[in-house]
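Notes for the one structure printed next.
Keep in mind that this is a model prediction, so the values were computed, not measured. Within every chain, numbering begins at 1; the chains are lettered A, B, ... in the order of the sequence lines, protein sequences first and strands thereafter. Hydrogens, waters and symmetry mates are skipped; everything else that's a heavy atom, side chains included, is used.
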Amino acid sequence: MAFLTLCATFSFEIFMRASQIFIPTLKETPAEAELVSHQLLLRGGFIRRLASGLYTWMPLGLRVLRKVERIVREEMDRSGAQEVLMPVVQPAELWQESGRWEKYGPELLRLKDRHQRDFCLGPTHEEVISDLARREIHSYKQLPVNFYQIQTKFRDEIRPRFGLMRGREFIMKDAYSFHMDHASLEITYQTMYDAYQRTFTRLGLDFRAVEADNGAIGGKRSHEFHVLADSGEDAIVSCDHCDYAANMEKASSPAKVAPVEAPLEAARVQTPGIRTVAEQAAMLGISSSQIVKTVLVVAGEQPVMLLLRGDDELNLIKAAHALEVDEVRMATPEEAESATGAPLGFIGPKDLSTAIRVLADHRALNVSNFSTGANEMDTHWVNLNWDRDLSRPDSADLRNVRAGDPCPHCSAGTLGIRRGIEVGHVFQLGQVYSERMKITVLDESGRDATVTMGCYGIGVSRVVAAAVEQHFDERGIIWPASLSPFDVGIVAINARKFPEVAAAAQALHDRLEQAGFSVLLDDRDERPGVQFATMDLIGLPHRVVVSDKVLAQNVWEYRARRASENTLVNEAELMDLLNAGSPVHQP
RNA sequence: CGGGGCGUAGCGCAGCUUGGUAGCGCGCCUGCUUUGGGAGCAGGAUGUCGUAGGUUCAAAUCCUAUCGCCCCGACCA
């Protein structure tokens, strides 16, 4: 456990306010922490867990959180958005009106007040802001307008995990814009997109904006901002040649026209016990790309047969779009068999005994001499060919892209897949909420017009964890300069034994504070090794050591957190190093 | 929600199979020594063994229930 003295001084006053900052570091990694960010934030004394998915921000962690908030706030203000603060507790009526009281499911934490009225803890604030807008905005002259807040949200996650990364309670910046028309929304959308680019750049993060799916809610455009990290929960796709990037739900790749092979004679073969594509390929001695597999899904209420090349993966989101329904799910084995009359594992598109809609992925139509199920137990077809043996069904993009696929935007590039942590999302809501909640204003001709909306989120607390995921080493955190709880750490070695060291460290601290740096002075009566280990763990970008040896040479000992060597510098050089910005950004 | 695992001192863990009244390391407190990469010696404090029942002369240990936490899964026919 560490108490470091944090001194704030006032230039010429004798009065000096000294306070102490509580930094309870842990030598050992708590068993509950899986992710590096979770481990290091616990060990560095930044956060403590209260219950599953609920964390207390300790003094050091709160300083980081405030840094993130400040940057986000500055960029939002700069973009013209106006800050408000809406309640966490929200009345059920609003959610019933938007239809989400039923739709949201158990993630929405519901509660009753003493009068037995229903409320919920806000997982998001579309309903509240919509209610505000319809009460207060009456004329086209008041538009466009963009409101934002930095507020605690609550989502009762199925499985909270990874510390701050997927908590139940978390802090989010959310913004909602209102417009007369889509053109106006498009302008604000771009403004927000640019603001996010600046925000995440200032936060010192290696990030990528990717095209995203709009989901059931519709709307035209949507981008997610991902921090690149191996531990990311999301797969993001990007081109190695142009700036195309999309998430896995959205990414597409053109289906190359494959050379048509000379057709072979079709045949039914016995394939007892086959269940999977891999088994089918092995038994028949073909590659899985020569199989057209049949996947039964339920779209809305209707069973649908989807065809994919054996080595491709179905993307349910794309299927939902192609079938023009909100949601597509895998059929149960019972549903699949009753819809086709064929046993699971042997279903195929040829000679169907039932009327069922069939939709193929583009790539499945490029295969010749392929194998499929024969709609009969233990039997498959081989050497089938489209047109000759069965007619071509409708086709759509149904598959997940894979690394190495060609880019849809440029001819030269190929797609790669990386992991990302979603820290931001900009989204065109369109008129979904404004219609449901009747947000109308009078237009220039005096007629009621339904407004168009956009919404824009940043996971503020998640950014803290994402930053650690991207910036750490075996000794601890390495904060980007813009997020570090302090700019500089001063380590006073053997300050008790050498009063001149204590005095010099204190004086240096004061001068650096006056120069505009925030400084953490470690004047604990600890061994140097303990002090260094603490400093490394909590990850301040700059460290200055004050010791009797160093004083004797009339220099300071400087080391960047990322560096492995000390540098002896005079004070002017030290100031230059601190002002040079963060070594974190050096390659 | 399904599967698996774990709850013993502030943290990390042993003890449980084969019941006999709780231990190790780190941390914490005191003293001395030490002082450039998580010190050494000596002394000390801290547990209703997650909770509630049950079995037994006796339960951390066996049984039942319950609460909490962690991990995996929840799309490939």
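Partner of S371(A) under the side-chain hydrogen bond (donor to acceptor under 3.5 Å, both in side chains) criterion, out of K293(A), Q290(A), Q280(A): Q280(A) alone. For the pairing with H542(A), the ring-ring contact (aromatic ring centres under 6.0 Å, His included) check across F517(A), W479(A), Y558(A) returns one residue only, Y558(A).
No engagement by L308(A) is indicated, since no non-hydrogen atom pair under 4.0 Å with the nucleic acid exists. Heavy atoms of L314(A) sit under 4.0 angstrom from at least one base atom. In this structure, N566(A) reaches the bases: a heavy-atom distance under 4.0 Å links it to at least one base atom across the strands shown. Residue contacts for R329(A): at a heavy-atom cut-off of 4.0 Å it reaches no nucleic acid atom on any strand shown. Residue L537(A) is classed as a base contact, given a heavy-atom separation below 4.0 Å to a base. Heavy atoms of R309(A) sit nowhere under 4.0 angstrom from any nucleic acid atom.
Taking atom C1' on both G19(B) and C49(B), the two are 14 Å apart, rounded to the nearest angstrom. When the P atom is used for both A9(B) and G2(B), the distance is 30 Å, rounded to whole Å. The same atom, C1', is picked in U55(B) and in A65(B); the two are 15 Å apart, to the nearest Å. A14(B) and C29(B) have their P atoms separated by 27 Å, with the value rounded to a whole Å. G50(B) and A22(B): their P atoms are spaced 15 Å apart (whole Å). Remark: the separation of the C1' atoms in G38(B) and U34(B) is 15 Å, to the nearest Å. For the C1' atoms, the distance from U33(B) to G15(B) is 36 Å, rounded to whole Å. Straight-line distance between the C1' atoms of C70(B) and C76(B): roughly 29 Å, to the nearest whole Å.
The OG atom of S252(A) lies 10.0 Å from the CZ atom of R399(A); values are rounded to the nearest 0.5 Å. Residue L398(A) holds its CG atom at 12.5 Å from CD1 of I317(A), rounded to the nearest 0.5 Å.
Relative to the side chain of M330(A), the nucleotides G36(B), C69(B), A77(B) differ in distance, and A77(B) lies closest. Set against C76(B), C71(B), U35(B), the side chain of K293(A) has C76(B) as its closest nucleotide. Of the candidates U35(B), C69(B), G38(B), the closest approach to any side-chain atom of R43(A) belongs to G38(B). Considering only the side chain of V550(A), G36(B) comes nearest among U34(B), G36(B), C76(B). Closest to the side chain of S52(A), out of C69(B), A39(B), C76(B), is C69(B). Residue V295(A) has its side chain nearest to A77(B) when only G38(B), G36(B), A77(B) are considered. Nearest nucleotide to the T25(A) side chain, out of G36(B), A39(B), G38(B): G38(B).
In the region residues 491-502 of chain A, proximity to RNA chain B at under 4.0 angstrom, judged on heavy atoms, holds for N494(A).
G73(B) is paired with C1(B) under the Watson-Crick or G-U wobble criterion, all donor-acceptor distances under 3.5 Å. Pair check for G12(B) finds C24(B); Watson-Crick or G-U wobble, both atom distances under 3.5 Å. Taking a pair to require two hydrogen-bonding distances under 3.5 Å in either a Watson-Crick or a G-U wobble arrangement, G68(B) pairs with C6(B). Using N1 to N3 plus N6-O4 or O6-N4 for Watson-Crick, or N1-O2 and O6-N3 for G-U wobble, each under 3.5 Å, A60(B) pairs with nothing. With a cut-off of 3.5 Å on both pairing distances, U46(B) has no Watson-Crick or G-U wobble partner at all. In this entry G38(B) has no Watson-Crick or G-U wobble partner, no candidate having both defining distances under 3.5 Å.
Cation-pi contact between R110(A) and W101(A): present, with separation from the ring centre below 6.0 Å and deviation from the ring axis of at most 45°. With a 6.0 Å cutoff to the six-membered ring centre and a 45° limit on the axis angle, R559(A) does not count as a cation-pi contact of F532(A).
Salt bridge status for R462(A) with E469(A): absent, with no side-chain N to carboxylate O gap under 4.0 Å. Of the charged side-chain nitrogens involved, none lies within less than 4.0 Å of a carboxylate oxygen, so that R161(A) and E34(A) do not count as a salt-bridged pair. Taking 4.0 Å as the cut-off between side-chain N and carboxylate O, D312(A) and R363(A) count as a salt-bridged pair. Classification of R402(A) and D311(A) as a salt-bridged pair holds, one side-chain N sitting under 4.0 Å from a carboxylate O. A salt bridge does not link K318(A) with E249(A): none of the charged nitrogens is closer than 4.0 Å to a carboxylate oxygen.
With the nearest nucleotide of RNA chain B identified for both F532(A) and I347(A), F532(A) has the one nearer the 5' end. Sequence order on RNA chain B of the closest nucleotides to R559(A) and H380(A) puts R559(A) first from the 5' end.
In this entry the distance linking CG of L316(A) with P of A74(B) reads 12 Å, nearest Å. In this structure, R524(A) atom CZ and G38(B) atom P are separated by 14 Å, rounded to whole Å. Taking atom CZ on R399(A) and atom P on C75(B), their separation rounds to 20 Å, with Å as the unit. Between D361(A) atom CG and C76(B) atom P the separation is 17 Å, expressed in whole Å. With rounding to whole Å, I317(A) atom CD1 is found 16 Å from C76(B) atom C1'.
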Distance-only check: which donor-acceptor pairs under 3.5 Å involve side-chain atoms of residues 546-555 of chain A, not counting sequence neighbours?
residue : atom : partner : partner atom : Å
S547(A) : OG   : V550(A) : N            : 3.2

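Under 3.5 Å, the side chain of K27(A) and the base of C26(B) form no donor-acceptor pair of N or O atoms.
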The contact string for nucleotides 6-15 of chain B, one letter per nucleotide 5' to 3', using protein heavy atoms under 4.0 Å with B, S and - for base, sugar-phosphate only and none, comes out as -----BSS--
